[in-house]
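Every value quoted in this text rests on a predicted model; they were computed, and no experiment measured them. Numbered from 1 within each chain, the chains take letters A, B, ... in sequence-line order.
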Amino acid sequence: MRSRWAPPRDRARPDAVLRLAVRTVSEVCLTAGTLIVLFVAYVLLWTGVKADRAAEGEMARLRDSWAATAPQAAPAAAPEAATAPQPAASAAPEEPRHPAGRAFAEMYVPRFGPDWVRPVLEGTDPELLKKGLGHYAATARLGAVGNFSVAGHRRTYGDPFKDFPKLRRGDEVILKGAGTWYTYTIRGGPLRTLPTDVGVVDPVPRKSPFTAPGRYLTLTTCDPEWGHSHRLVVWAELTGTRSAGQGGPEGSSR
Amino acid sequence: MYGWIWRHLPGNAWVRALISLVLVLAVVFVLFQYVFPWAEPLLPFNDVTVDEGSGATP
């Protein structure tokens with residue numbers, strides 16, 4: 001019906017001009033509405049699809065690299081297994097530094113569900129956080145003395161830390177490095193704090209229950225769920241390590 | 001706008017409908033592939049780290 005509407009300009013009447021105006025406004029509104037709906041679908045659904053795909057890719061690459069280095073890592077890990085029950089001992093295993101942007105560990109949080117697993121990448125660049133969790137590059141290495149700090153999305157990009165407020169003292173956060181499982185137990189949080197509160201990732205985190213140096217873990221995400229005015233933080237302490245050959249601890253079936 | 005596009009598409013109504021569908025899909029693809037990834041960081045969901053407010057690692 002629109003295709004038939006093309007009056008010559010000299011015969012244009014006021015109601016025709018009005019019709020053109022109304023139609024143009026309607027079309028613009030419809031277009032804007034469709035754009036908004038599409039954008040919401042993108043943010044809520046498509047970023048999750050992309051993030052899941054990227055996380056799976058990262059973990060496949062990680063497992064390939066572990067499989068490639070396993071023959072050398074296995075004999076080295078064996079003597080450590082004997083000392084494994086003493087996590088505070090100086091001989092406890094530690095992960096080496098990793099190049100930025102590379103996934104180097106898997107994180108399991110039983111509280112988030114038995115199937116919850118995410119890769120941990122080196123660095124907290126927003127591009128990296130689209131693929132998994134990000135390790136603050138300036139903080140301690142996995143398993144080392146200091147504060148191994150990890151950030152993750154609360155919402156969008158797969159909602160990895162959606163259930164962050166459900167974490168309680170005593171919950172376990174399990175990380176798998178190249179040849180070792182690290183079990184951290186939550187001792188403090190979730191604490192709501194300000195984005196500028198960088199002390200929470202200090203080697204002995206400020207506001208945490210810890211007072212002396214140790215092997216700590218800090219997780220951060222945003223709060224409120226869809227906002228960015230605050231951050232949620234939990235702190236955990238290394239309570240056990242075991243070599244990969246012994247199989248994973250409870251709650252990490254894979 | 002849409003009327004103008006429709007009038008300028010070639011062929012009969014079926015061909016025009018098919019071309020319109022292809023155009024719509026192309027627009028959605030460009031939006032999801034280029035426009036939305038650019039616009040998404042402007043929203044606050046990326047701010048999950050603590051920093052000195054420098055914006056280096058939002």
Quiz prompt | Under 3.5 Å side-chain donor-acceptor pair for A/Y136 and A/E122 | solution = no

Quiz item: Taking the six-membered ring for Trp, is the centroid-to-centroid distance between A/Y216 and A/F210 below 6.0 Å?
Solution: yes

Self-check item: Proximity breakdown for A/L35 and chain B, heavy-atom pairs closer than 4.5 Å
Solution: both

Exercise. Determine the interplanar angle of the B/F29 and B/Y34 rings, folded into 0 to 90°, and report it as parallel if under 30°, tilted if 30 to 60°, perpendicular if over 60°.
Key: perpendicular

Quiz item: When you check the side-chain N and O atoms of A/N147 and A/T218, is any donor under 3.5 Å from an acceptor?
Solution: yes

Self-check item: chain B contact via A/T31 - side chain, backbone, both or neither, heavy atoms under 4.5 Å
Solution: both

Quiz item: Heavy-atom distance under 4.5 Å to chain A: side chain of B/V35, backbone, both or neither?
Solution: neither

